[in-house]
Amino acid sequence: VFALAGLMFLSTGALAADQPVYYIVAHAGTGESFWAVMYKGAMEAGRVLGAKVHFVAPDQPGDLAKQVAILRAAIAANPAGIATTVPNAKAFIDPIRKAVAKGIPLIVYDTREDPRDPILLPYDAYIGADDFKSGERVGQRALRTLKKGDRAVIINHGPGHSGFEMRSGGIKKHLKPAGIEFEELDISGGATKGLSVLASYLKRVKAVEAIFALGSNGTAIAAKFLEEKGLAGKVLLASFDIDSVAVKAIEEGKMAFTLDQMPFYQSYMVVTQLHQAHMNQFTPIDMDYGGGFVSKENVAQVNELVKQGIR
């Protein structure tokens, strides 16, 4: 770990004179389970390829100004390649164009602009889930259980985040024509606030048949809420991403399913493609990591990988 321009960088081992350097910029750090797995995949790729990998994120998840500052610092370091998430397209136009103008291979991963705009943001490739299509898949699967007239709520722990907005949009696309009543709640600001927002919602509507979380933070809040209200297993809970909280909830029958986008594999391939672009002049290509569902049918196998930090 070392400091650059007041920013903290997590890195692989000592740098050899001819060792390529890659910067992986994220909008959230390893304090979140999803990003801890993402970090592990990037570091493993660096180890296997003999490359130096700096995994960098703001101290406060979602601090857009700090993330952009981190990206600018990475570009100034003239590395062999850079990858970044793009939770807000407008904020990243200038730094991404500067990186491309300097000839630095640049991949966007995990979160991109919506819709994709190669003129506005001329990066080389996107590696990650198509969040809108992922939302559609979650909405479609939920309709195996829900029926016309049922009520659902989508809880968003990161409003304004392009990936979460796309996931939500995909869910809504299938709920509306099926006659499912729904609304979206802002539960940002931490678990205490999120629980309060959900409690106020339930008091207002009296009953709800489904809760859709948009990621691990939302999963934890929804699972705790349903447990406290005696509704665990009675209300369909669906989400995205996988961690120990989601695994436990699925194992205990308190959560129906989650859609995993395989962060270890995703970040491993980000570093691999940057390395191939640098070493062999290969052009990075898009890769869709929409992943697969984790439910009671396969949770036992997935749990072993969660324990290893691979899922």
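This structure is a prediction, so every number in the text was calculated from the model and none was measured. Just so you know, these numbers use all the heavy atoms, side chains as well, and skip hydrogens, waters and symmetry mates. Sequential numbering from 1 along the given sequence is applied to the chain's residues.
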K.L.:
What pairs with Glu251 under salt bridge (Lys or Arg N to Asp or Glu O under 4.0 Å), at least two apart in sequence or on another chain?
P.N.:
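Glu251 satisfies salt bridge (Lys or Arg N to Asp or Glu O under 4.0 Å) with no other residue.
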K.L.:
Strictly by modelled atom types, are Thr111 and Thr85 linked by a side-chain donor-acceptor pair under 3.5 Å?
P.N.:
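No.
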K.L.:
Starting from Phe264, can I reach Ile24 by hopping between I/L/V/M/F/W/Y residues whose side chains sit under 4.5 Å apart?
P.N.:
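Ile24 and Phe264: one cluster.
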K.L.:
Residues in side-chain contact (heavy atoms from CB on, under 4.5 Å) with Glu252, at least two apart?
P.N.:
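Listed in chain order: Lys248, Lys254.
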K.L.:
Any chance you could lay out the side chain to side chain contact (heavy atoms under 4.5 Å, CB included) test for Leu237 and Phe257, step after step, and finish with the verdict?
P.N.:
CA-CA 7 Å; Leu237 174 57; Phe257 61 84; over 6 Å; no
K.L.:
How about Leu143 and Leu175: do any of their side-chain heavy atoms sit closer than 4.5 Å?
P.N.:
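Yes; the side chains approach each other to less than 4.5 Å.
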K.L.:
Using the rule that two of Ile, Leu, Val, Met, Phe, Trp, Tyr join whenever any of their side-chain heavy atoms come within less than 4.5 Å, decide whether Leu305 and Ile250 are in one cluster.
P.N.:
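In one cluster: no.
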K.L.:
What side chain to side chain donor-acceptor pair (under 3.5 Å) pairs are there with at least one residue in residues 186-196, not counting sequence neighbours?
P.N.:
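Every side chain to side chain donor-acceptor pair (under 3.5 Å) pair that includes a residue of residues 186-196, provided the two are not neighbours, is Asp186-Ser188.
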K.L.:
So which heavy atom on Ala213 is nearest to which on Gly218, and how close?
P.N.:
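Nearest heavy atoms, Ala213 then Gly218: CB-C, 3.5 Å.
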K.L.:
Linking directly or through intermediates, with side-chain heavy atoms under 4.5 Å: list the remaining ILVMFWY members grouped with Phe282, chain and number order.
P.N.:
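Members other than Phe282 - counting any ILVMFWY side chain reachable under 4.5 Å - there are none.
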K.L.:
Enter the distance from Asn88:CG to Gln67:CD here, rounded to the nearest 0.5 Å.
P.N.:
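Between atom CG of Asn88 and atom CD of Gln67 there are 9.5 Å.
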K.L.:
Is the shortest heavy-atom distance from the side chain of Arg72 to the side chain of Asp94 under 4.5 Å?
P.N.:
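They are in side-chain contact.
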K.L.:
Quick test of your reading of the model: are Arg167 and Asp241 salt-bridged, counting only N-O distances below 4.0 Å?
P.N.:
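Counted as a salt bridge, because a side-chain N and a carboxylate O are separated by less than 4.0 Å.
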K.L.:
If we ignore hydrogens and angles and just use 3.5 Å, is the side chain of Gln308 paired with the main-chain N or O of Glu304 as donor and acceptor?
P.N.:
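The answer is yes, because a donor-acceptor pair under 3.5 Å joins these two groups.
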K.L.:
Could you see if Val306 belongs to whatever hydrophobic cluster contains Phe240? Use Ile, Leu, Val, Met, Phe, Trp, Tyr and a side-chain cutoff under 4.5 Å.
P.N.:
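No, no single cluster joins them.
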K.L.:
Quick one, Arg137 with Asp130, criterion salt bridge (Lys or Arg N to Asp or Glu O under 4.0 Å). Give me CA distance, side-chain angles, the key distance, then yes/no.
P.N.:
CA-CA 11 Å; Arg137 293 177 66 195; Asp130 182 320; over 6 Å; no
K.L.:
How would you list, by chain and number, every residue that makes a side chain to side chain donor-acceptor pair (under 3.5 Å) with Gln266, sequence neighbours excluded?
P.N.:
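With neighbours one apart ignored, the set is Gln261.
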K.L.:
Where do Pro79 and Ala74 come nearest, in terms of heavy atoms and distance?
P.N.:
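Nearest pair, atom of Pro79 first, then Ala74: CD-O, 3.1 Å.
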K.L.:
What verdict does the side chain to side chain contact (heavy atoms under 4.5 Å, CB included) test give for Val108 and Leu121, after you've listed the backbone C-alpha separation in whole Å, the side-chain angles of each residue and the deciding distance to 0.1 Å?
P.N.:
CA-CA 10 Å; Val108 169; Leu121 294 172; over 6 Å; no
K.L.:
Provide the closest heavy-atom pair for Tyr23 versus Val21 in the form atom of the first, atom of the second, distance.
P.N.:
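Taking every non-hydrogen atom into account, CE1-CG1, 3.7 Å.
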K.L.:
Are any of the side-chain heavy atoms of Glu113 and Leu120 separated by less than 4.5 Å?
P.N.:
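The answer is no, as the side chains (C-beta and beyond) never meet within the 4.5 Å cut-off.
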K.L.:
State, with a plain yes or no, whether a side-chain heavy atom of Thr145 is found less than 4.5 Å away from one of Asp150.
P.N.:
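In short, these two side chains do not touch, never coming nearer than 4.5 Å.
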K.L.:
Does the side chain of Asn298 reach to within under 4.5 Å of the side chain of Val294, using non-hydrogen atoms?
P.N.:
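Yes, close enough: below the 4.5 Å cut-off.
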K.L.:
Show the nearest heavy-atom pair for residues Thr272 and Ala45, with the distance to one decimal.
P.N.:
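Looking at all heavy atoms of both residues, the shortest contact is OG1-CB, 4.3 Å.
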K.L.:
So, are Arg151 and Glu209 salt-bridged, with charged N and O less than 4.0 Å apart?
P.N.:
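Glu209 and Arg151: not salt-bridged.
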K.L.:
Between Met287 and Ile310, is there a shared hydrophobic cluster once you connect ILVMFWY residues whose side-chain heavy atoms come closer than 4.5 Å?
P.N.:
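Met287 and Ile310: one cluster.
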K.L.:
Taking the six-membered ring of Phe293 as reference, does the NZ or CZ atom of Arg141 fall below 6.0 Å from its centre and within a 45° cone about the axis?
P.N.:
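Output yes; distance and angle both within limits.
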K.L.:
Drop me the distance from Ser239's OG to Leu259's CG, to the nearest 0.5 angstrom.
P.N.:
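Ser239 OG to Leu259 CG: 9.5 Å, rounded to 0.5 Å.
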K.L.:
Heavy-atom distance under 4.5 Å between the side chains of Ile221 and Val197, does that happen here?
P.N.:
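Contact flag for Ile221/Val197 side chains = no.
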K.L.:
Going by side-chain contact (heavy atoms from CB on, under 4.5 Å), name the residues that satisfy it together with Ala220, two or more places apart in sequence or in a different chain.
P.N.:
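side-chain contact (heavy atoms from CB on, under 4.5 Å) list for Ala220, sorted by chain: Val245.
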K.L.:
Residues two or more places apart in sequence or in another chain: which of them pass salt bridge (Lys or Arg N to Asp or Glu O under 4.0 Å) with Glu44?
P.N.:
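So Glu44 forms a salt bridge (Lys or Arg N to Asp or Glu O under 4.0 Å) with Arg47.
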K.L.:
Rounded at 0.5 Å granularity, tell me how far CG in Leu106 sits from CD1 in Ile82.
P.N.:
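Going from CG on Leu106 over to CD1 on Ile82, the span is 6.0 Å.
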K.L.:
Only counting residues at least two apart or in another chain, list the ones meeting side-chain contact (heavy atoms from CB on, under 4.5 Å) with Pro263.
P.N.:
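Pro263 satisfies side-chain contact (heavy atoms from CB on, under 4.5 Å) with Phe34, Val37, Met38, Asp260 once adjacent residues are dropped.
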K.L.:
Taking all heavy atoms of Leu71 and all of Pro95, pick out the closest pair and write down the distance.
P.N.:
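Looking at all heavy atoms of both residues, the closest pair is CD2-CB, 3.7 Å.
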K.L.:
Can you measure from NZ (Lys52) to CE (Met43) and round to the nearest 0.5 angstrom?
P.N.:
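Between atom NZ of Lys52 and atom CE of Met43 there are 9.0 Å.
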K.L.:
Is Glu183 paired with Arg204 through a side-chain N to carboxylate O contact shorter than 4.0 Å?
P.N.:
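The answer is yes: the pair qualifies as a salt bridge.
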K.L.:
Checking the side chain of Ser267 only, and the main-chain atoms of Tyr39 only, is there a donor and an acceptor separated by less than 3.5 Å?
P.N.:
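It does not hold such a pair.
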K.L.:
Evaluate the side chain to side chain contact (heavy atoms under 4.5 Å, CB included) criterion for residues Leu214 and Ile171: first the C-alpha distance (whole Å), next the side-chain angles of each, then the deciding distance (0.1 Å), finally the verdict.
P.N.:
CA-CA 10 Å; Leu214 300 178; Ile171 294 169; 4.1 Å; yes
K.L.:
Report yes or no: do Tyr22 and His275 form a side-chain donor-acceptor pair below 3.5 Å?
P.N.:
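On atom types as modelled, these side chains qualify, holding a pair under 3.5 Å.
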K.L.:
Specify the closest pair of heavy atoms between Ala246 and Asp243, including all atoms of both residues, with the distance to one decimal.
P.N.:
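Closest pair (atom of Ala246, atom of Asp243, distance): N-OD1, 2.9 Å.
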K.L.:
So, taking the atom named OG1 in Thr30 and the one named CD in Glu32, what distance separates them when rounded to the nearest 0.5 Å?
P.N.:
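Answer for the OG1-CD pair, Thr30 versus Glu32, is 9.5 Å.
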K.L.:
For Lys102, what residues pass the side-chain contact (heavy atoms from CB on, under 4.5 Å) criterion, not counting sequence neighbours?
P.N.:
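With neighbours one apart ignored, the set is Ile75, Asn78, Ile104.
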K.L.:
Hey, can you tell me if Trp35 and Phe55 have their rings parallel, tilted or perpendicular (30° and 60° cut-offs)?
P.N.:
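Tilted: the ring planes of Trp35 and Phe55 meet at 30° to 60°.
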K.L.:
Less than 4.0 Å between a side-chain N and a carboxylate O, is that true for Lys133 and Glu136?
P.N.:
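No, this pair does not count.
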K.L.:
Test your reading of the model: is there a side-chain donor-acceptor pair from Lys307 to the backbone of Val302, 3.5 Å cut-off?
P.N.:
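Not a single qualifying donor-acceptor pair exists.
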K.L.:
For residues Ile180 and Lys176, determine if any side-chain heavy atom of one lies less than 4.5 Å from a side-chain heavy atom of the other.
P.N.:
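Ile180 does not reach Lys176 side chain to side chain.
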K.L.:
Under a single-linkage definition using a 4.5 Å side-chain heavy-atom cutoff for Ile, Leu, Val, Met, Phe, Trp and Tyr, are Leu185 and Leu236 assigned to the same hydrophobic cluster?
P.N.:
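No, because Leu185 and Leu236 fall into different hydrophobic clusters, even though each may have its own neighbours under 4.5 Å.
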K.L.:
Which atom pairs, donor and acceptor, lie under 3.5 Å between side-chain atoms of residues 152-164 and protein residues at least two apart or in another chain?
P.N.:
from, atom 1, to, atom 2, distance (Å)
Asn156, OD1, Gly158, N, 2.8
Asn156, ND2, Glu184, OE2, 3.0
His161, ND1, Gly163, N, 3.0
His161, ND1, Phe164, N, 3.2
His161, NE2, His27, NE2, 3.3
Ser162, OG, Val86, O, 3.3
Ser162, OG, Arg112, O, 2.8

K.L.:
If I take atom CG from residue Asp131 and atom OG from residue Ser168, how far apart are they, to the nearest 0.5 angstrom?
P.N.:
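It comes to 11.0 Å.
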K.L.:
Which residue pairs pass the ring pair (Phe, Tyr, Trp, His ring centres under 6.0 Å) test with at least one member in residues 87-130, sequence neighbours excluded?
P.N.:
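As it turns out, there is no ring pair (Phe, Tyr, Trp, His ring centres under 6.0 Å) pair with a partner in residues 87-130 once direct neighbours are skipped.
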K.L.:
Could you list the cluster mates of Met166? Members are the ILVMFWY residues connected by side-chain heavy atoms closer than 4.5 Å, either directly or through other members.
P.N.:
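Once heavy-atom contacts under 4.5 Å are chained together, Met166 belongs with Phe132.
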